[in-house]
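These notes are about the structure you will find just below.
Please read these numbers as outputs of a predicted model, since none were measured by experiment.
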Amino acid sequence: MSSKPELKGRAARLARLFPTTGSRTQAARTPFVLLVVLLLGGGLIGLLVLNSALSEGSFRLDDLQKETKSLTDQEQALQRDIDAYSAPDALQRRARELGMVPGGDPAFLDPDGTVKGVPGAAAEQSSAQVVRPPEVLAPLVVTSASPSSPSPSPTPTAPTPSIPSTVPSSPTPGR
């Protein structure tokens, strides 16, 4: 009894879903195997691209960390310079180099215009201690353009400074 009984109804519909033996089974496996191979190949290529991108990002991160460290060191060096320049003794020394003197007693103005306190003049400074600004100290270079002179060498001349010799005795209120 090698013949199969004929199925009816629901059993017949289910039987059609299962493949039958023979070449039809081989033909149904080929697209599935091809799909699996393509998915695995695509996954491997995707992993390779992802790994390359992560490696590139890692190198970029390392470069940025080195640059950040360098900039942080530079910032700290600049902050040390600022601290050195803003120290009270350095400020006093630079003020004296510029010819500044300590001020006298201050006076204050009230909103109604009355003066509180007695203003005092700043201590006078001798003209020998006055340090002139760099633009006054730099010699002017004048070149002689006359053809009669044998050597047109520059001759340095210093401009005459216009520094007041006296300090006003009474300061203007409000300034």
Value rounded to 0.5 Å, distance of [atom1] in [X] from [atom2] in [Y]:
| X | Y | atom1 | atom2 | answer |
| --- | --- | --- | --- | --- |
| L34 | T30 | CG | OG1 | 8.5 Å |
| Q74 | Q79 | CD | CD | 13.0 Å |
| L54 | L61 | CG | CG | 11.5 Å |
| L50 | I45 | CG | CD1 | 13.5 Å |
| E75 | I82 | CD | CD1 | 9.0 Å |
| L98 | R93 | CG | CZ | 11.5 Å |

**Asked** Are L38 and L47 grouped together when hydrophobic residues (ILVMFWY) are joined by side-chain heavy atoms under 4.5 angstrom apart?
**Response**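 Different hydrophobic clusters.
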**Considering all heavy atoms, the nearest D112-T114 contact** =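 That would be OD1-OG1, 3.0 Å.
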**Prompt:** Taking all non-hydrogen atoms of both residues, which atom of S86 and which atom of L91 are closest, and how far apart?
**Reply:**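 Here S86 and L91 meet closest at O-CD1, 3.6 Å.
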**Message:** Is any side-chain heavy atom of V118 closer than 4.5 Å to one of D105?
**Reply:**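 The answer is no, as the side chains (C-beta and beyond) never meet within the 4.5 Å cut-off.
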**Item:** Sub-4.5 Å side-chain heavy-atom contact between R96 and P102
**Value:**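 Yes, at least one pair of side-chain atoms sits under 4.5 Å.
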**Message:** Run the salt bridge (Lys or Arg N to Asp or Glu O under 4.0 Å) test against D73 and tell me which residues pass, sequence neighbours left out.
**Reply:**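 Scan of D73 (salt bridge (Lys or Arg N to Asp or Glu O under 4.0 Å), adjacent residues dropped) gives K69.
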**With K66 via salt bridge (Lys or Arg N to Asp or Glu O under 4.0 Å) - residues at least two apart** =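 With neighbours one apart ignored, the set is D62.
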